[in-house]
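Chain letters run A, B, ... following the sequence lines, proteins first and then strands; every chain starts at 1.
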Protein chains: 2
Amino acid sequence: MVWLQKLFTKTDKENNISDKIYDRDWVTLDQEIFGRSKVFFSTTQDIDLYELEELCDSVGWARRPLRKVRKALDNSYLVASAWEVKGAKTVMIGFARATSDHSFNATIWDVVIHPRFQKKGLGKTFMKYIIKKLRSDDISNVTLFADPQVVDFYRRLGFVLDPEGIKGMFWYPD
Amino acid sequence: MVWLQKLFTKTDKENNISDKIYDRDWVTLDQEIFGRSKVFFSTTQDIDLYELEELCDSVGWARRPLRKVRKALDNSYLVASAWEVKGAKTVMIGFARATSDHSFNATIWDVVIHPRFQKKGLGKTFMKYIIKKLRSDDISNVTLFADPQVVDFYRRLGFVLDPEGIKGMFWYPD
């Protein structure tokens with residue numbers, strides 16, 4: 001079982017003051033599955049581009065020019081990240097971002113969870129965290145483009161394929 | 001036949017200086033179809049929200065709070081519009097906008113052409129204009145979500161449905 005502490009606790013008493021400053025949402029993990037790892041989610045944590053590249057490498061994504069990645073992050077409405085804390089070390093284990101018009105629509109891109117943390121419920125909790133953030137900003141139309149192998153994962157989270165026949169399309173140069 | 005003058009003319013000699021200031025791209029129209037209408041496209045023309053609402057009304061779209069529409073326009077990467085000039089009168093006859101990370105992705109939303117100008121090739125020329133703008137900014141991934149009745153329209157423009165099985169998905173609240 002994985003769940004987000006904030007989703008279930010109304011009081012912030014037990015949270016560290018620095019968690020508030022740094023906007024850290026701690027995740028409650030099952031020790032039997034995750035051992036002594038501590039994990040938090042954030043939308044304000046600084047992203048080191050090399051660390052992000054390493055994370056994307058771990059799932060086999062094609063490399064992209066860091067200059068363009070920087071620009072994309074700077075112009076994303078939401079940049080969410082998941083972090084493992086082990087002693088003094090904090091390592092990025094998850095990432096996603098969303099473009100948006102800040103009003104009606106948000107589109108989620110580049111969702112990645114480190115293979116070590118896949119198939120344990122963490123990705124699901126991370127996506128719920130992202131959806132909650134977007135919905136709390138009154139954005140009603142949350143969309144994404146899913147690779148075939150993750151369609152069922154997103155379906156279980158409440159994402160619907162082609163609702164009312166609406167189709168996602170990609171423009172390809174002639 | 002409808003085509004964009006700029007797409008085929010290298011020289012700006014014949015263009016009015018104010019067209020450059022206001023970023024107006026004049027469209028060459030077939031007089032037999034369009035009569036004495038003159039039409040231009042722009043990405044910088046001021047959008048009157050009531051005029052936009054009227055245009056959306058003309059195609060039967062549900063009304064949206066103007067405050068949210070304003071915010072969405074302010075936070076769109078591209079706001080494109082099409083205008084008919086008849087004597088001293090300039091009327092908005094087309095609209096579309098795109099969200100983007102300014103780097104990799106752009107998603108086109110709210111494409112509307114006034115019914116008087118539909119099925120005459122103007123929508124096609126307008127979409128080509130938008131794609132050209134996005135591509136000239138080095139944005140390679142141009143996407144949209146198409147209603148069933150316009151899937152073929154976008155297909156003819158080079159948009160591909162579910163490439164490599166990638167599916168557009170919408171999140172729906174439980």
- [ ] May I ask you to decide if B/L157's main-chain N or O and A/W171's side chain share a donor-acceptor pair within less than 3.5 Å?
- [x] yes

Task: Shortest non-hydrogen contact between B/D138 and A/K68, atoms and distance - done: O-NZ, 2.9 Å

TODO: Flag yes if more than 12 heavy atoms outside A/E51 fall under 6.0 Å of its CD atom; otherwise flag no.
DONE: yes

Task: Which portion of B/V150 sits near chain A, non-hydrogen atoms under 4.5 angstrom - done: neither

Task: chain A contact via B/I108 - side chain, backbone, both or neither, heavy atoms under 4.5 Å - done: neither

Open item on the list: Please identify, among B/G165, B/P148, B/A146, B/P163, the residue contributing the most non-hydrogen atom pairs under 4.5 Å to chain A.
Closed with: B/A146

Task: Most chain B-contacting option - heavy-atom pairs closer than 4.5 Å, from A/D162, A/V142, A/N105 - done: A/N105

Task: Common cluster, B/I33/B/V91, ILVMFWY with side-chain heavy-atom separation under 4.5 Å - done: no

Open item on the list: Less than 4.5 Å to any heavy atom of chain B: does that hold for the side chain of A/Q149, its backbone, both, or neither?
Closed with: neither

Task: Flag, side chain of B/K71 to backbone of A/H102, donor-acceptor distance under 3.5 Å - done: yes

Task: Heavy-atom proximity to chain B below 4.5 Å, by part of A/T143 - done: both

Open item on the list: For A/M169 versus B/L161, what's the shortest heavy-atom pair and its separation?
Closed with: CG-CD1, 3.6 Å

Task: Proximity breakdown for B/S103 and chain A, heavy-atom pairs closer than 4.5 Å - done: both

TODO: Can you measure from CG (B/D110) to CG (A/D101) and round to the nearest 0.5 angstrom?
DONE: 8.0 Å

TODO: Measure B/N141 against the heavy atoms of chain A and call it side chain, backbone, both or neither at under 4.5 Å.
DONE: side chain

Open item on the list: Just so I understand: if I count every heavy-atom pair under 4.5 Å between each of A/A106, A/A72, A/S76 and chain B, which residue has the most?
Closed with: A/A72

Task: Under 4.5 Å from any heavy atom of chain B - which part of A/R97 - done: side chain

Open item on the list: Tell me which of these, A/F159, A/Y154, A/Y77, has more heavy-atom pairs under 4.5 Å with chain B than the rest.
Closed with: A/F159

Open item on the list: Does atom CG (A/D48) have a neighbourhood of more than 12 heavy atoms from anything else shown, all under 6.0 Å?
Closed with: yes

Open item on the list: Please say yes or no: joined through hydrophobic side-chain contacts below 4.5 Å, possibly via intermediate residues, are A/F170 and A/I166 part of one cluster?
Closed with: yes

Task: Contacting moiety of A/L73, where chain B heavy atoms sit under 4.5 Å - done: neither

Open item on the list: Quick check on B/D74 against chain A: is it the side chain, the backbone, both or neither that has a heavy atom closer than 4.5 Å?
Closed with: neither

TODO: Calculate, to the nearest 0.5 Å, the distance between atoms OG1 and CZ belonging to A/T107 and B/F145 respectively.
DONE: 5.5 Å

